[in-house]
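Presented below is the structure to which this report refers.
Because the structure is a prediction, the values reported are computed rather than measured. Ligands are counted one by one from 1 in listed order, and the atoms in each one are counted from 1 as well.
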Amino acid sequence: MGLIETDKSLDDCLTESATFQMPYALRRLFATILVFCEATNIRALWEKHLESMSEDYRRTQSNQAVLEQMVLRDIRDLVHSMGKDIKSYGLPELVETGDGSGDLLREVREELSVGVDQEHLDLYTSLNIEQRAGFEEILDHVVNNRKHVLFVDGPGGTGKTYLYKALLAKVRSLGKIAIATATSGIATSIMPGGRTTHSRFKIPIKLMDNSTCSFTKQSGTAELLRRASLIIWDEVAMTKRQAVEALDRSLQDIMGCVMPFGGKVVVFGGDFRQVLPVVPRGIRAQITDGTLQRSYL
Ligand SMILES: Nc1ncnc2c1ncn2[C@@H]1O[C@H](COP(=O)(O)OP(=O)(O)OP(=O)(O)O)[C@@H](O)[C@H]1O
């Protein structure tokens, strides 16, 4: 392929992953490579790995051009969730087809296809006392559908992500949908199937006190959230309260339930000792007003 050394190792990484990863995981890996690695010949990587990235779609679709568009759409969404635009990577052109509402269950299928690592399932055995108590408590809520909002508080490095990984693996191994999100793109890349909250919940960039998420009741996102048994939002302390309140309103709306977050089991994680939300040119009062502690929630 005439790739330089960096591209060669990225190519090897994709080739190796294709032997044991599901196509959706490969598409996520490809998107991560686009955003976080410095590949010089992206087009060559794309052409070489398109086949393994489209293997699941190939079962129902034989037209190569349509297949390419399906994979491109996924990569576009994944790259977008990491805060980037697919147009900047020189991939084949994506033909936009309206709002995507025609494929209602795509997001549900994708979420269900996130693999469960045995390694993550095994983390349970090494959880410390606090992590295990959190694990059992949250799992009990999920399994018994006990509607509740929980908070995992802990300074950086105390093992919150470790706990999420164990939890996500367990819940997914039960065939349930667990949605993993975080405020920043970096944190989402650590959690399997992770997406940024803005991308996953379609939280508007310009937030007001009465904002709602910008998905419709008929959208794939709404369907995914209706079916979700667990929603994790990490790094919530860095988020403006209006973003969390927007999700609360939208979940109540799509669930037709006035309980907080429409009665979903929602786990917020974060550390209020770390970073405050960013309020551009905001004075101290505006910044503290944006924090979750000031929320009606
Ligand atoms: N029970 C455990 N057994 C072994 N290692 C652990 C355990 N819990 C956490 N760790 C390790 O400790 C380190 C920090 O954990 P982790 O990344 O989960 O913390 P965190 O609270 O998410 O941190 P941050 O908020 O900075 O992201 C990681 O390397 C993780 O593998």
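Taking distance alone, with nitrogen or oxygen atoms compared against 3.5 Å, Gly159 approaches ligand 1 more closely than that limit.
Salt-bridge formation is not detected for the pair Arg28/Asp77: no Lys NZ or Arg NE/NH1/NH2 atom is positioned less than 4.0 Å from an Asp or Glu carboxylate oxygen.
Partners of His141 according to the ring pair (Phe, Tyr, Trp, His ring centres under 6.0 Å) rule, which considers only residues two or more places apart in sequence or in another chain, are His148.
Atoms of ligand 1 lying under 4.0 Å from any heavy atom of Ser126, numbered from 1 in the order shown and given with element: 1 (N), 2 (C), 3 (N). Within ligand 1, the atoms closer than 4.0 Å to a non-hydrogen atom of Asn128 are 1 (N), numbered from 1 in the order shown.
In this structure, Tyr162 has its ring center at least 6.0 angstrom away from the ring center of Phe135.
Listed by first and then second residue, the ring-ring contact (aromatic ring centres under 6.0 Å, His included) pairs involving residues 165-209 are Phe201-Trp233 (not counting sequence neighbours).
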